[in-house]
Amino acid sequence: MAILSIPQGKARSVLALTCAAALTAACGGAAPSSAAPATPGGAPQTITVTMTEFAFALDHPPNGPGAYVFHAVNAGKYPHSIELDGAGVSDQTSSTVQPRGTTDLTATLQAGDLDMYCPIDGHRAKGMETHLTIGAAGSGTGGY
């Protein structure tokens, strides 16, 4: 075993850097996907959409135009689906998800208004819809 001799002032810096590296590795080493803006042609950003009776809950809204994967999780007791209309997409629909199931819907969004709703019999009329505004690239808007 080799013994390394480091002056005390530098030892603190080395220890701090070592701790920071260990924490970064332990926490996954990357910023959450919501921190980076979506970019046209770039890797799709994932948004988890939890579906229940009769509502959608997004873990974060789209933050600009670009490619997205809507990861739909059915936490309800009835089958659900996602349909997107607006912001560059028209009638784009996921597969139907049974209770406790998941599916992914990939869409490339443009700036503008987007409606997300469940197209299954009467679910939209019961309130299973949300309206999103996709802001222009770099505008920092995108909400629901």
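Here the structure is a predicted model, which is why all the values come from computation and not from measurement.
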### Task
Output the distance between atom NE2 (His71) and atom OG1 (Thr50), rounded to the nearest 0.5 Å.
8.5 Å
### Query
Roughly how far, to the nearest 0.5 Å, is OH of Tyr78 from NE2 of His123?
8.5 Å
### Query
Side-chain contact, heavy-atom cut-off 4.5 Å: Met116 with Val49?
yes
### Query
Going by heavy atoms in the side chains, are Asp85 and Asp91 under 4.5 Å from each other?
yes
### Query
Just by distance, do the side chain of Asp59 and the backbone of Thr48 share a donor-acceptor pair under 3.5 Å?
yes
### Task
Using atom types as modelled and distance alone, determine if a side-chain donor or acceptor of Asn74 lies under 3.5 Å from a backbone N or O of Gly101.
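Side chain of Asn74 to backbone of Gly101, a donor-acceptor pair under 3.5 Å: no, none is there.
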### Task
List the steps, then state whether side chain to side chain donor-acceptor pair (under 3.5 Å) holds for Ser81 with Ser94.
CA-CA 6 Å; Ser81 181; Ser94 73; 3.2 Å; yes
### Message
Go through it in stages, so that I can follow the logic: the residues are Leu84 and Phe70, the test is side chain to side chain contact (heavy atoms under 4.5 Å, CB included), and I'd like the CA-CA distance, side-chain angles, deciding distance and then a yes or no.
### Response
CA-CA 10 Å; Leu84 302 174; Phe70 292 91; 3.8 Å; yes
State, to 0.1 Å, how close [X] and [Y] come at their nearest heavy-atom pair, and which atoms those are.
X: Glu83; Y: Thr93; answer: OE1-OG1, 3.1 Å
X: Gly66; Y: Tyr68; answer: O-CD1, 3.3 Å
X: Gln45; Y: Asn63; answer: NE2-OD1, 3.2 Å
X: Ser95; Y: Thr103; answer: OG-OG1, 2.9 Å
X: Ile134; Y: Ala87; answer: CG1-CB, 3.9 Å
X: Thr52; Y: Ala75; answer: CG2-CB, 4.0 Å

### Message
Before you tell me yes or no, could you show the steps for Leu114 and His131 under side chain to side chain contact (heavy atoms under 4.5 Å, CB included), namely the whole-Å CA-CA distance, both residues' side-chain angles and the distance that decides it to 0.1 Å?
### Response
CA-CA 6 Å; Leu114 179 70; His131 180 79; over 6 Å; no
### Task
Look at the rings of His80 and Phe54 and say which category their plane angle falls in: under 30° parallel, 30 to 60° tilted, over 60° perpendicular.
perpendicular
### side chain to side chain contact (heavy atoms under 4.5 Å, CB included) evaluation trace for Ile120 with Thr96
CA-CA 8 Å; Ile120 294 180; Thr96 298; 3.7 Å; yes
### Message
Please determine whether side chain to side chain contact (heavy atoms under 4.5 Å, CB included) holds for the pair Ile82 and Met51, giving the CA-CA distance in whole Å, both sets of side-chain angles, and the decisive distance to 0.1 Å.
### Response
CA-CA 9 Å; Ile82 295 175; Met51 304 179 295; 4.0 Å; yes
### Query
Linking I/L/V/M/F/W/Y whenever any side-chain heavy atoms sit under 4.5 Å apart, do Tyr117 and Leu132 land together?
no
